[in-house]
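This report refers to the structure that appears directly beneath it.
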Amino acid sequence: MAFLMKSMLSNQVKNLGLGGGGEESKEESTPSDPAAAAGMTREEYEEYQKQMVEEKMERDAAFAQKKAERAVLRVHLREKYRLPKSELDENQIQMAGDDVGLPEDLQKMVAEDQEEEEDKDSILGQLQNIQNMDMDAIKEKAQATFSEMKQAAEQKCSMM
């Protein structure tokens with residue numbers, strides 16, 4: 001709203017010739033050629049523009065690669081925990097190309113997790129879980145079961 005009022009008033013003042021003419025001279029004094037405005041020759045400016053475009057393309061490609069790597073990690077975690085797949089992740093992977101994989105440090109982490117899970121599933125892993133159990137509770141339960149069996153046997157057998 002303020003912009004609209006300012007533009008209407010400035011146009012009216014310019015028409016009256018009471019001021020505001022200084023702005024026109026400033027606009028006319030600036031060169032219309034962007035190369036001259038940057039203080040370069042036309043060839044230097046074109047080379048500079050090419051470099052800027054190339055750098056932007058490299059940054060965009062690196063960004064797309066990182067996004068695809070993250071998507072691969074999410075896909076891996078979804079498979080591991082049996083979660084539903086996401087089309088967004090699959091699209092990001094396809095856009096970056098099929099050569100996308102997990103970064104090395106993430107691959108090491110995944111490998112360590114798999115080794116830990118394999119250790120837990122093995123017999124040695126189960127034996128380590130036994131150490132964490134409450135042996136007193138197990139002992140009491142075994143004694144209670146034994147005494148129940150003994151009582152049942154005494155009731156059935158007349159010799160005992």
Side-chain angles (χ1 to χ4, degrees), residues 1-139 141:
M1 185 72 173
F3 172 74
L4 183 61
M5 293 297 290
K6 184 177 179 182
S7 65
M8 287 175 47
L9 289 175
S10 65
N11 288 338
Q12 294 297 327
V13 172
K14 287 179 187 177
N15 291 341
L16 292 174
L18 297 175
E23 292 179 9
E24 291 178 11
S25 64
K26 288 181 184 176
E27 290 176 4
E28 292 175 7
S29 66
T30 57
S32 61
D33 187 22
M40 299 181 217
T41 64
R42 187 76 175 153
E43 294 81 24
E44 289 174 340
Y45 186 73
E46 289 175 2
E47 183 65 30
Y48 174 73
Q49 289 296 328
K50 286 179 185 177
Q51 287 177 345
M52 295 299 290
V53 168
E54 288 174 3
E55 288 175 5
K56 184 179 183 329
M57 289 174 60
E58 289 174 6
R59 285 193 309 270
D60 290 345
F63 182 68
Q65 181 73 20
K66 289 288 185 183
K67 282 177 68 173
E69 288 174 355
R70 292 182 198 118
V72 167
L73 179 63
R74 286 191 297 270
V75 166
H76 173 74
L77 291 173
R78 282 191 176 101
E79 288 175 0
K80 179 179 177 181
Y81 295 109
R82 297 182 185 117
L83 298 173
K85 294 182 179 180
S86 171
E87 282 189 38
L88 179 63
D89 290 341
E90 292 173 6
N91 291 340
Q92 287 178 349
I93 294 169
Q94 289 176 355
M95 287 173 58
D98 292 334
D99 60 338
V100 178
L102 289 175
E104 291 180 19
D105 48 338
L106 292 177
Q107 287 177 348
K108 290 178 186 176
M109 290 172 56
V110 168
E112 290 173 1
D113 287 345
Q114 288 177 344
E115 289 175 7
E116 289 176 11
E117 288 179 11
E118 290 173 1
D119 289 343
K120 288 179 183 178
D121 292 339
S122 69
I123 294 174
L124 293 176
Q126 296 298 326
L127 289 175
Q128 289 176 351
N129 286 340
I130 290 175
Q131 292 176 354
N132 298 335
M133 290 183 176
D134 186 15
M135 293 304 284
D136 293 332
I138 294 173
K139 194 175 190 180
K141 187 173 182 180

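Note that the numbering runs from 1 along the sequence shown for the chain.
Side-chain contact between L83 and L77 is absent, with no heavy atoms from C-beta onward closer than 4.5 Å. E55 is listed as a side-chain neighbour of M52, based on a closest heavy-atom distance under 4.5 Å.
Atom-to-atom distance recorded for L73:CG and K80:NZ is 10.0 Å, nearest 0.5 angstrom. The distance from the CD atom of E44 to the OG1 atom of T41 is 3.5 Å, given to the nearest 0.5 Å.
In terms of modelled atom types and a separation under 3.5 Å, the side chain of E79 and the main chain of H76 share no donor-acceptor contact.
Heavy-atom minimum distance, K85 versus R78: CA-CD, 4.1 Å. Listed here is the closest heavy atom pair of K67 and R74: O-NH2, 4.5 Å.
Taking 4.0 Å as the cut-off between side-chain N and carboxylate O, R70 and D89 do not count as a salt-bridged pair.
Around CD of Q51, the count of heavy atoms belonging to other residues, nucleotides or ligands within 6.0 Å exceeds 12.
Side-chain contact check for Y45 and Q49: at least one donor-acceptor pair (N or O, by modelled atom type) lies under 3.5 Å.
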